[in-house]
Participant: 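Could you have a look at this structure, given as structure tokens, before my questions?
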Amino acid sequence: MNEYLFEYVVHLADDALILGHRNSEWCGHGPVLEQDIAITNISLDLIGQARNFFQYAAEIKGGDTTEDSLAYLRDVREFRNCLLVEQQNGDWGKTILRQFFMSNYQQLLYSRLENSFDRQIAAICEKALKEVTYHLKWSSEWVIRLGDGTDESHARMINAIDELWTYTGELFIPAGYEAKALESGLAPDITALKNDWLNRVALVFEEAKLPVPTAGFAQTGGKQGMHTEYLGYILAEMQYLQRTYPASKW
Amino acid sequence: MLEQQFQSKIDNEIKIEPKDWMPEAYRKTLLRQISQHAHSEVVGMLPEGNWITRAPSLKRKAVLLAKVQDEAGHGLYLYSAAETLGFSRDQMIHDLLTGKAKYSSIFNYPTLSWSDIGAIGWLVDGAAIMNQVMLCRTSYGPYARAMVRICKEESFHQRQGFEILLTLSQGTEAQKAMCQDSINRWWWPSLMMFGPKDSESTHSDQSTKWKIKRKSNDQLRQEFVDMIAEQVKILGMTLPDPDLKWNESRGHYDFGEINWEEFWNVVKGNGPCNKQRLEARNKAHEEGRWVREAAIAYAQKKAERTKNQAA
Ligand SMILES: [Fe+2]
Ligand SMILES: [Fe+2]
Ligand SMILES: [Fe+2]
């Protein structure tokens, strides 16, 4: 098995799954029915992307690995998602901002990966790019609306930036498998995505009348399996049935 | 005179449209029924939403998410249909949140296991469909059209629910037990979804004359029992009713007496989850307030700026 390829694909899947899972917590509890539907849509897209990546990862790993064994039977330290996506939903503003940061990143990444020599990754990313581009548009509009809405919404966005900014640096620091993927020509240099990412943040924040934080400390580790305490609870909930009734078909 | 014209349209199967004259009681009855129906779709998202983060496979998770999202969409169509009767969605939601408006009592029961998601799809959406298929031909145009869209999705939900149970019924002993337990808990409440017996029902006569309803509560309930009593055999499960028996001469299944005391208790607010459901809706509404306010404020600012630029 190609170890770095497997890990690389799994990290793409984990990012999509955990963010999709977090968003799905909103279903039935959104601020207004139309937005309940919108966030659920995004959640569905992300879970769909995760499934595609997991299915490919399962193929690489072989044996009796499936999309579900990867999602439901790995523990915290084996998950490769970044810290950003596992953060708690908080209020609607924090959820929106987390989505904006991540969609901004995924949009840049997938638009490179759709040209990867790995046909499967390229095909999954080509399809996902359409979705992610929409997520970026939707979340950008909300960041602007909330940043430039009322005093309260503005203050809440400042607070959200405060809570999430520290998790954005990790996106651009390559983990071992990302370095190898770059070396082999499979994936782009993610450090080079940072400028475009920052430019987009600056553009949207300007319209939203929100300040762009100066660099600051970057919390890292998620991509190597060193997570915040939140992930354990996400998995405890998500994996509960598979763990309680092992070897069952659902 | 107007009243006669109105009734003759109904008798001739001509749909009543929002701008047409209608008796005040017709408008009120419809408004009550459609808004209740809309609230049921929205509150119904809660018991099923309860299992989204715990769905046992990625596929099931996606299907359940899509289903609950459909229900939100049904709520939207129905609120729009109700708004054509001159009552705003904000007012309707206010009535829901203050407990003034009702929603289907079935959603005041808890979802305790994964198989409840299957049972809800099969039995609850199944019972809803009996009613909704009839409502596709209801006399009020906007309501009938909303129902046509909704019915297509509901029958999909019912199949998905059945499929969840079918998988469990072919699974391990624990899964089979889980499946039977869910059927036991959801069977009677789903029979209650059709409402009081015809002999006790207060609104039925006039609704039938106005062709809002085209079948009685008891008729629909019987059709449902006949359908489910057959389908449960495919699952190899049983319905929790010792009196359930095919009646050759009637050409229908006989079934036991519903616990009407429980029915009225849940209607009056004493169901196992009445409080939690209203609390959850109120919480979402309160926590969403600043978001809705910000969206309005931003839209106003933007309109203002466009105006100033044009000037
Ligand atoms: Fe429903
Ligand atoms: Fe529905
Ligand atoms: Fe449904």
Side-chain angles (χ1 to χ4, degrees), chain A residues 17 20-37 39-41 43-44 47-48 50-51 54-55 66-68 70-72 91-93 96 141-142 144-154 156-157 208 234 237-242 244-250, chain B residues 38 41-66 68-73 75-76 79 89 93 113-114 164 167-168 170-172 174-175 178 280-281 283-285 287-302:
Chain A
L17 175 65
H21 182 93
R22 275 299 194 206
N23 285 339
S24 79
E25 294 171 8
W26 275 102
C27 186
H29 307 277
V32 63
L33 220 38
E34 285 83 349
Q35 299 312 322
D36 204 303
I37 292 175
I39 193 85
T40 303
N41 244 332
S43 182
L44 273 166
I47 288 165
R51 291 187 66 189
F54 277 136
Q55 283 164 14
T66 64
E67 59 174 65
D68 286 330
L70 290 172
Y72 291 89
D91 62 17
W92 183 252
I96 289 295
E141 286 168 1
W142 267 106
I144 293 166
R145 207 172 277 136
L146 297 178
D148 190 21
T150 59
D151 287 347
E152 180 178 4
S153 71
H154 183 82
R156 284 176 183 268
M157 288 312 283
I234 293 176
E237 198 171 331
M238 187 173 82
Q239 299 179 338
Y240 143 71
L241 281 166
Q242 290 264 357
T244 311
Y245 303 95
S248 306
K249 276 214 182 78
W250 301 95
Chain B
E41 299 285 355
V42 174
V43 176
M45 295 169 74
L46 297 170
E48 293 186 274
N50 186 36
W51 281 87
I52 288 171
T53 55
R54 290 179 291 171
S57 73
L58 293 175
K59 185 177 154 216
R60 294 286 184 209
K61 193 185 192 71
V63 170
L64 180 57
L65 256 177
V68 179
Q69 188 192 36
D70 283 349
E71 307 299 5
L76 274 184
Y79 282 126
R89 182 164 134 198
I93 287 174
S113 62
W114 167 249
I164 288 175
T167 305
L168 294 173
Q170 294 163 351
T172 63
Q175 286 176 308
M178 188 189 280
R281 286 315 311 159
K283 184 166 179 280
H285 190 74
E287 288 176 356
R289 184 184 302 282
W290 71 272
V291 178
R292 296 188 300 274
E293 285 170 357
I296 292 168
Y298 177 75
Q300 279 168 352
K301 282 188 202 177
K302 213 179 159 185

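First the proteins, then the strands, lettered A, B, ... as listed; each starts at 1. Predicted model only: the values in this text are computed from it and were never measured.
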Participant: Please report the interatomic distance CG(A/L33) to OH(B/Y79), rounded to the nearest 0.5 Å.
Facilitator: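 Interatomic distance, A/L33 CG to B/Y79 OH, rounded to 0.5 Å: 7.0 Å.
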Participant: So with a 6.0 Å cut-off around NZ of B/K283, is the heavy-atom count from everything else above 12?
Facilitator: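 At most 12 heavy atoms, drawn from other residues, nucleotides or ligands, come within 6.0 Å of this atom.
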Participant: Heavy-atom distance under 4.5 Å to chain B: side chain of A/I37, backbone, both or neither?
Facilitator: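 For A/I37, backbone and side chain are both near chain B.
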Participant: Can you see which heavy atom on A/G28 is nearest to which on B/L46, and at what distance?
Facilitator: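 The pair with the smallest heavy-atom distance is O-CD2, 3.9 Å.
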Participant: Would you say B/Q170 and A/K249 make side-chain contact, with heavy atoms under 4.5 Å?
Facilitator: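 Sidechains of A/K249 and B/Q170: no contact.
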Participant: Which region of A/D36, side chain (C-beta onward) or backbone (N, CA, C, O), has a non-hydrogen atom less than 4.5 Å from a non-hydrogen atom of chain B, or is it both or neither?
Facilitator: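 Contact with chain B is through the side chain of A/D36 alone.
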Participant: Tell me, for A/R156 versus chain B, whether the close heavy atoms (under 4.5 Å) come from the side chain, the backbone, both or neither.
Facilitator: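 Looking at A/R156, just its side chain touches chain B.
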Participant: Should A/T40 and B/V68 count as side-chain neighbours, where that means a heavy-atom distance under 4.5 Å?
Facilitator: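 Side chain of A/T40 against side chain of B/V68, heavy atoms only: no contact under 4.5 Å found.
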Participant: Return yes if some donor-acceptor pair links the side-chain N/O of A/E237 with the main-chain N/O of B/R54 below 3.5 Å, else return no.
Facilitator: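 Here the side-chain-to-backbone pair does not exist.
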Participant: Where is the tightest heavy-atom contact between B/A284 and A/H29, given as atom of each residue plus distance?
Facilitator: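 Smallest heavy-atom distance, with atoms named: CB-O, 3.6 Å.
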Participant: So that I can tick it off, tell me whether B/K302 and A/E141 are bridged by a salt bridge, with the cut-off set at under 4.0 angstrom between side-chain N and carboxylate O.
Facilitator: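 No, this pair does not count.
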Participant: Could you tell me which of B/P56, B/G73, B/G75 has the largest number of non-hydrogen atom pairs under 4.5 Å with chain A?
Facilitator: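 Among B/P56, B/G73, B/G75, the one with the most close pairs to chain A is B/P56.
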Participant: Working to the nearest 0.5 Å, report the span between NZ of B/K59 and CD of A/E67.
Facilitator: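 It comes to 9.5 Å.
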Participant: I'd like to know which of B/K61, B/E287, B/R281 tops the heavy-atom pair count under 4.5 Å against chain A.
Facilitator: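 So the answer, after comparing B/K61, B/E287, B/R281, is B/K61.
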Participant: Between CZ of A/F54 and CG of B/L58, what distance do you get to the nearest 0.5 Å?
Facilitator: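 So the gap between those two atoms works out to 6.5 Å.
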Participant: Does any heavy atom of chain B fall under 4.5 Å from the side chain of A/D151, the backbone, both, or neither of them?
Facilitator: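 A/D151 has no heavy atom closer than 4.5 Å to chain B.
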Participant: Mind checking the CG-CD spacing from A/L44 to B/Q69? Nearest 0.5 Å is all I need.
Facilitator: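 Rounded to the nearest 0.5 Å, the CG-CD separation comes to 5.5 Å.
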Participant: Among A/Y240, A/W250, A/Y245, whose side-chain contact (heavy atoms from CB on, under 4.5 Å) with B/W114 holds?
Facilitator: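 That would be A/W250.
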Participant: Under 4.5 Å between any side-chain heavy atoms of A/E34 and B/L76, yes or no?
Facilitator: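 Side chain of A/E34 against side chain of B/L76, heavy atoms only: contact under 4.5 Å found.
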Participant: Using a 4.5 angstrom heavy-atom cutoff, name the option from B/S57, B/A55, B/A174 with the most pairs to chain A.
Facilitator: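 Highest number of heavy-atom pairs under 4.5 Å: B/S57.
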Participant: Using a 4.5 angstrom heavy-atom cutoff, name the option from B/A62, B/A294, B/G288, B/A299 with the most pairs to chain A.
Facilitator: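 So the answer, after comparing B/A62, B/A294, B/G288, B/A299, is B/A294.
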Participant: Supply the atom-to-atom distance B/R289 CZ to A/E152 CD, rounded to the nearest 0.5 angstrom.
Facilitator: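 Reported value, rounded in 0.5 Å steps: 10.5 Å.
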Participant: Give a yes or no answer on whether the side chain of A/R145 reaches the backbone of B/A297 with a donor-acceptor pair at less than 3.5 Å.
Facilitator: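 No.
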Participant: A/W142 and B/A295: which non-hydrogen atoms are nearest, and at how many Å?
Facilitator: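 The pair with the smallest heavy-atom distance is CH2-CB, 4.3 Å.
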Participant: Just give me the residue among B/A66, B/A280, B/G49 that pairs up with chain A most often, heavy atom to heavy atom, under 4.5 Å.
Facilitator: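 Maximum pair count with chain A is reached by B/A66.
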Participant: Heavy-atom distance under 4.5 Å to chain A: side chain of B/V43, backbone, both or neither?
Facilitator: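 Contact with chain A involves no heavy atom of B/V43 at all.
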Participant: Can you name the closest pair of heavy atoms from A/S248 and B/Q175 and give their distance?
Facilitator: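 Result for this residue pair: CB-NE2, 3.5 Å.
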Participant: Can you tell me which portion of A/L17 sits under 4.5 Å from chain B's heavy atoms? Options are side chain, backbone, both or neither.
Facilitator: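 The answer is the side chain of A/L17.
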Participant: Which atoms form the tightest heavy-atom contact between A/A247 and B/T172, and what is the distance?
Facilitator: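 Scanning both residues completely, I find the closest heavy atoms to be O-CG2, 4.4 Å.
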Participant: When you compare the side chains of A/T150 and B/E293, does any donor N or O come within less than 3.5 Å of an acceptor on the partner?
Facilitator: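 Their side chains do not contain a donor-acceptor pair, so the 3.5 Å distance test is not met.
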Participant: Please determine, among B/I93, B/D70, B/T53, the option with the most heavy-atom pairs under 4.5 Å with chain A.
Facilitator: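 Top count of heavy-atom pairs under 4.5 Å with chain A: B/T53.
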Participant: Between atom SG of A/C27 and atom CD1 of B/I52, what is the distance when rounded to the nearest 0.5 Å?
Facilitator: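 One finds 3.5 Å between SG of A/C27 and CD1 of B/I52.
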